[in-house]
Amino acid sequence: MRTIKGPALFLAQFIGDGAPFDSWQGITRWAADCGYAGVQVPTNDPRILDLDRAVESQDYRDEFLGIAAASGIEVTELSTHLQGQLVAVHPAYDTGFDAFAPAPLRGNPKARQEWAVEQVGKAIRASRLLGLNAMATFSGALAWPYLYPWPQRAPGLVEAAFDALADRWRPLLDLAEDQGIDICYEIHPGEDLHDGVTFEMFLDRVGGHARANMLYDPSHYVLQQLDYLQNIDIYHDRIRMFHVKDAEFRPNGRQGVYGGYQPWVDRAGRFRSLGDGQVDFGAVFSKLTQYGFDGWAVVEWECALKHPEDGAREGARFVRDHIIRVTPHAFDDFAASAIDRGAIERALGL
């Protein structure tokens, strides 16, 4: 067993136009002041990380890591959630997801996808150059509009979608293998990889690729009514990243899992700040520790009610209180005795 590292914070929800959230120096100092030891870094905002310079310049990488270290912060992983989303976009979502791409590429799905693949490749290379071993991402989705089996899907439609998804990701997975980086797909509604079954469908099509792994986030499983603890039992060998995020699911006579098109605050299932939802994090941390997960516990703050800065500060304390420092010996070692083969045989009547 190993002790989980943390607490760390995913910065995506905090980057903004005002200090301290508009610069790398400012946001790392703020994260440290909140009690964090690490940060997970989005790669879509050059104010925080210039991905091109991170690939091209050792001086830039040294400065980037040096600023973090001066704040008392470690970079845990890079994230390509937004770029990964654009690796595979169903036409129904073209307009909505165009905002994730540079303005000149909007309205041009082919160019947008090529840019996204290039961006993910750069982030894989930058991860290695920064001394990291894993990268977070979304899978994107081609089959998601057909999630519900009505109207009836054309035979072979889902299979063709997953074949295409695997074809797009296989070269990136091979690059990740060359660079020594695990690609950790956040298992998330809106992505074709949204539960264990769909992850397995993808994994089969990429030949069980060693670099195709999971970012485990129990909040998304609560909202799907999936057993988030058994999920660890099943997939612990593939769980290489951990988002600590809470959620609650309170169905009623008017709505359930689908939420009735309501805003987050009015949905039966909604994200909450750590400790305010229904996730049994004592059990989650216990299972991950039992299976030897040695990555970072990364807080992803999303809450329909609480102010983000309050959620961030509370989250650092919450994670620190839940990390289990593993024992170096068994609790009953005091009663142990030296091995005596004769005594063993006598005890067994041999």
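Sequence positions, counted from 1, serve as the residue numbers for this chain.
The closest side-chain donor-acceptor pair between Gln13 and Glu300 falls under 3.5 angstrom. Side-chain contact check for Asp280 and Tyr228: no donor-acceptor pair (N or O, by modelled atom type) lies under 3.5 Å. Gln224 and His194 share no side-chain donor-acceptor pair at under 3.5 Å. For the residue pair Asp195 / Thr198, a side-chain donor-acceptor distance below 3.5 Å is found, with atom types taken as modelled. Residues Thr43 and Gln119 have side chains that never bring a donor and an acceptor to within less than 3.5 angstrom of each other. The closest side-chain donor-acceptor pair between Trp301 and Ser273 falls under 3.5 angstrom. A donor-acceptor pair shorter than 3.5 Å can be found between the side chains of Gln40 and Glu77. For the residue pair Asp174 and His209, a side-chain donor N or O sits within less than 3.5 Å of a side-chain acceptor on the partner. In this model, no donor atom of one side chain and acceptor atom of the other lie less than 3.5 Å apart for Gln290 and His236. Side-chain contact of Asp59 with Ser57: a donor-acceptor pair under 3.5 Å is absent, judged by distance alone.
Contact check on Lys110 versus Glu114 returns a salt bridge, with a Lys/Arg side-chain nitrogen under 4.0 Å from an Asp/Glu carboxylate oxygen.
A donor-acceptor pair under 3.5 Å links the side-chain atoms of Arg320 to the main chain of Gly35, judged by distance alone. When atom types are taken as modelled, the side chain of Asp45 and the backbone of Pro42 share no donor-acceptor pair closer than 3.5 angstrom. With hydrogens and angles ignored, the 3.5 Å screen pairs no side-chain donor or acceptor of Asp246 with any backbone N or O of Arg272. Arg267 places a side-chain N or O within 3.5 Å of a backbone atom of Tyr258 that can act as its donor or acceptor partner. No donor-acceptor pair under 3.5 Å is formed between the side chain of Gln83 and the backbone N or O of Ala116. A donor-acceptor pair is defined here as one N or O able to donate and one able to accept, closer than 3.5 Å; such a pair exists between the side chain of Arg205 and the backbone of Met201.
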Requested in this report: For the pair Glu309 and Arg313, evaluate salt bridge (charged side-chain N to carboxylate O under 4.0 Å, His left out) and give the outcome as yes or no after the intermediate values.
Outcome: CA-CA 6 Å; Glu309 294 182 46; Arg313 290 186 182 276; 5.7 Å; no
Query raised in the report: Are Arg47 and Asp17 close enough, and set up right, to give a salt bridge (charged side-chain N to carboxylate O under 4.0 Å, His left out), and what steps lead you there?
Result: CA-CA 10 Å; Arg47 294 175 301 175; Asp17 293 331; 3.1 Å; yes
Report task. Give the intermediate values and the outcome of salt bridge (charged side-chain N to carboxylate O under 4.0 Å, His left out) for residues Lys306 and Glu314. Result -> CA-CA 11 Å; Lys306 187 169 288 183; Glu314 292 173 8; 2.8 Å; yes
Query raised in the report: Given Arg240 and Asp182, is the salt bridge (charged side-chain N to carboxylate O under 4.0 Å, His left out) satisfied, shown in steps?
Result: CA-CA 8 Å; Arg240 305 292 172 83; Asp182 287 327; 3.0 Å; yes
Query raised in the report: Do Ser286 and Ile324 pass the side chain to side chain contact (heavy atoms under 4.5 Å, CB included) test, and can you show the C-alpha distance, the side-chain angles, and the key distance before you say yes or no?
Result: CA-CA 7 Å; Ser286 293; Ile324 299 168; 3.7 Å; yes
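Between the CD1 atom in Ile239 and the CD1 atom in Ile187 there is a gap of 9.5 Å [rounded to 0.5 Å]. Considering CE of Met214 and CD1 of Ile234, their distance stands at 8.5 Å, rounded to 0.5 Å. One distance of note links CD1 of Ile4 with CG of Leu288; it measures 5.0 Å at 0.5 Å rounding. Distance check: Tyr60 OH to Leu65 CG gives 10.0 Å after rounding to the nearest 0.5 Å. Of the inter-residue distances, the one linking Leu226 atom CG with Leu223 atom CG reads 11.0 Å to the nearest 0.5 angstrom. Rounding to the nearest 0.5 Å places CD of Glu186 at 5.0 Å from CG of Leu215.
At most 12 heavy atoms of other shown residues, nucleotides or ligands fall within 6.0 angstrom of atom CD in Gln152. Annotation for Arg2: atom CZ does not count as buried by contact number, only 12 or fewer foreign heavy atoms lying within 6.0 Å. Dense packing is recorded around CG of Asn252, with more than 12 heavy atoms of other residues, nucleotides or ligands lying under 6.0 Å away.
Linking Ile, Leu, Val, Met, Phe, Trp and Tyr whenever their side-chain heavy atoms come within less than 4.5 Å leaves Phe138 and Ile15 in two separate clusters. Linking ILVMFWY side-chain heavy atoms closer than 4.5 Å, directly or via other members, places Val55 and Leu49 in two distinct hydrophobic clusters. The cluster map of Ile, Leu, Val, Met, Phe, Trp and Tyr, joined by side-chain heavy atoms under 4.5 Å apart, puts Met135 and Leu132 in the same cluster. The same ILVMFWY cluster, assembled from side-chain heavy atoms under 4.5 Å apart, contains both Phe100 and Trp144. Under the 4.5 Å side-chain heavy-atom criterion for grouping Ile, Leu, Val, Met, Phe, Trp and Tyr, Ile183 is connected to Val117 within one hydrophobic cluster.
Aromatic pair Tyr216/Phe293: centroids not less than 6.0 angstrom apart. Aromatic rings of Phe271 and His220 (six-membered ring for Trp) have centroids within the 6.0 Å cut-off, being under it. You'll find the ring centres of Trp30 and Phe14 inside the 6.0 Å limit. In this structure, Phe202 has its ring center under 6.0 Å from that of Tyr185. A distance below 6.0 Å separates the ring centres of Phe242 and Phe285. Between His90 and Tyr146, the gap from one ring centroid to the other is short of 6.0 Å.
Considering only heavy atoms from C-beta on, Leu142 comes within 4.5 Å of Arg168 through its side chain. By the 4.5 Å heavy-atom criterion applied to side chains, Glu302 and Lys245 are counted as neighbours. Side-chain contact check for Met241 versus Val298: every heavy-atom pair is 4.5 Å or farther apart. Side chains of Asp98 and Asp94 form no contact here, defined as non-hydrogen atoms less than 4.5 Å apart. In this structure the side chain of Thr80 reaches within 4.5 angstrom of the side chain of Val120, judged on heavy atoms. Side-chain contact between Tyr235 and Glu200 is present, with at least one heavy-atom pair separated by less than 4.5 Å. Side-chain contact between Leu165 and Leu193 is present, with at least one heavy-atom pair separated by less than 4.5 Å. Inter-residue side-chain proximity for Thr76 and Lys5 is flagged as unmet; no heavy-atom pair is nearer than 4.5 Å.
When all heavy atoms of Ser139 and Ala88 are compared, the pair lying nearest together is O-CB, 4.3 Å. Nearest heavy atoms, Arg29 versus Ser71: CG-OG, 3.3 Å. The two residues Arg106 and Ala99 have their closest heavy-atom pair at NH2-O, 3.6 Å. Contact between Leu78 and Ser127 at its shortest, heavy atoms only, is CD1-OG, 3.7 Å. Here the closest non-hydrogen pair linking Gly315 and Val299 is O-CG2, 3.9 Å. Pairing each heavy atom of Pro46 with each of Asn44, the nearest pair is CD-O, 3.8 Å.
Arg112 forms no cation-pi arrangement with Trp115, by the criterion of a distance under 6.0 Å to the ring centre and an angle within 45° of the ring axis.
Each of Gln179, Arg211, Glu177 was evaluated against Ile124; a single residue qualifies, Gln179, per the side-chain contact (heavy atoms from CB on, under 4.5 Å) test.
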